[in-house]
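Indexing begins at 1, ligand by ligand and atom by atom, following the structure's order. Positions are given from 1, in the same order as the sequence printed here.
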Amino acid sequence: MGDNRHAPVIAIDGPSASGKGTVARLVADKLGFHFLDSGALYRLVALAALQSKTNLDDTLSIEHITMKINGKFCSGEVWLEGARVTEAIRNEEVSAAASRVAALPGVRQALLQRQRAFRRPPGLVADGRDMGSTVFPDAELKIFLTASPEERARRRYKQLMEKGMRASMITLLQEMRERDARDSARAVAPLQKCEDAIELDTTGLPVEAVVSKLLVLYAKAQKAP
Ligand code: CDP
């Protein structure tokens with residue numbers, strides 16, 4: 001257990017659809033590291049709340065759901081209370097609800113230890129909004145990935161189409177702006193670049209180029225005293 005706290009962490013934060021998820025997964029694969037999709041935890045809480053028709057403003061009930069939630073991540077699949085929800089947690093209703101439950105301090109606190117438990121040798125790549133600032137402040141490398149809102153909406157549109165889900169670019173862009181604003185304005189662990197993070201604008205950059213850059217930055221971070 002003690003050793004886990006020394007396993008290296010690469011923290012990748014940034015706004016919605018900045019490419020964090022794809023890039024973080026590939027970097028983890030290349031290095032043979034574990035992977036934490038922290039957004040999926042907030043999405044699980046949101047889905048559980050929606051399924052049980054809990055009012056998203058009912059803070060106590062949402063915190064209760066978070067503490068009791070039985071979620072599992074296994075070979076790229078996500079499970080909630082024994083049911084496969086890999087696609088269900090990605091729809092836009094859940095996205096919006098996730099950003100609302102994520103603003104609740106009790107929810108964030110309840111998920112903190114769960115996230116830290118992903119840190120195991122040989123290392124972890126963690127993707128989210130507050131990986132570098134709050135969950136793993138001692139991460140070896142902190143990256144803040146961005147891209148223009150239009151490019152991010154295009155990426156999300158493509159992702160949804162590939163999954164056979166319906167979407168409108170205009171609605172996506174609007175929802176993304178609302179979610180960014182809520183994530184950035186909240187009092188607890190807001191979306192922001194922390195001082196020691198390296199910012200990388202991925203607008204127009206192919207995924208492989210971003211992955212290569214991160215691997216170079218990680219190699220450099222390991223050599224630094
Ligand atoms: O896929 P996308 O980047 O759009 O979202 P996500 O990473 O799955 O996160 C969904 C929502 O959870 C975000 O809009 C945030 O409000 C929240 N979140 C958070 O507050 N902190 C994290 N570490 C990760 C996600």
Geometry only, no angles: is [X] polar-contacting ligand 1 at N/O separations under 3.5 Å?
| X | result |
| --- | --- |
| Asp127 | no |
| Ser38 | yes |
| Arg179 | yes |

Which option out of [options] puts a heavy atom nearest to [atom]?
| atom | options | value |
| --- | --- | --- |
| atom 15 (C) of ligand 1 | Leu191, Asp183, Leu111 | Asp183 |
| atom 17 (C) of ligand 1 | Ala46, Ala102, Ala97 | Ala102 |
| atom 20 (O) of ligand 1 | Arg108, Glu92, Arg129, Met131 | Arg108 |

Ion pair present between [X] and [Y], side-chain N to carboxylate O less than 4.0 angstrom?
| X | Y | result |
| --- | --- | --- |
| Glu151 | Arg154 | yes |
| Arg90 | Asp37 | yes |
| Glu93 | Arg100 | no |
| Arg119 | Asp138 | yes |

What protein heavy atom sits nearest [atom], and how far away is it?
| atom | result |
| --- | --- |
| atom 3 (O) of ligand 1 | Lys20 NZ, 3.2 Å |
| atom 12 (O) of ligand 1 | Tyr42 CB, 3.6 Å |
| atom 9 (O) of ligand 1 | Gly39 CA, 3.6 Å |
| atom 2 (P) of ligand 1 | Arg156 NH2, 3.5 Å |

**Asked** Is there a donor-acceptor pair under 3.5 Å between the side chain of Asn91 and the backbone N or O of Val94?
**Response**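 At least one qualifying donor-acceptor pair exists.
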**Donor-acceptor contact below 3.5 Å, side chain Thr203 vs main chain Ala147** =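 No, because the side chain of Thr203 does not come within donor-acceptor range (under 3.5 Å) of the backbone of Ala147.
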**Request:** Decide whether Arg156 and Gln159 meet the rule of one side-chain donor and one side-chain acceptor closer than 3.5 Å.
**Result:**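 There is such a pair (donor and acceptor under 3.5 Å, judged by atom type) between the side chains of Arg156 and Gln159.
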**Item:** Under 3.5 Å side-chain donor-acceptor pair for Ser95 and Arg43
**Value:**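 Indeed, the side chains of Ser95 and Arg43 share at least one donor-acceptor pair under 3.5 Å.
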Location of contacts on [X] toward ligand 1, heavy atoms closer than 4.0 Å:
| X | result |
| --- | --- |
| Arg43 | side chain |
| Ser18 | neither |
| Arg186 | side chain |

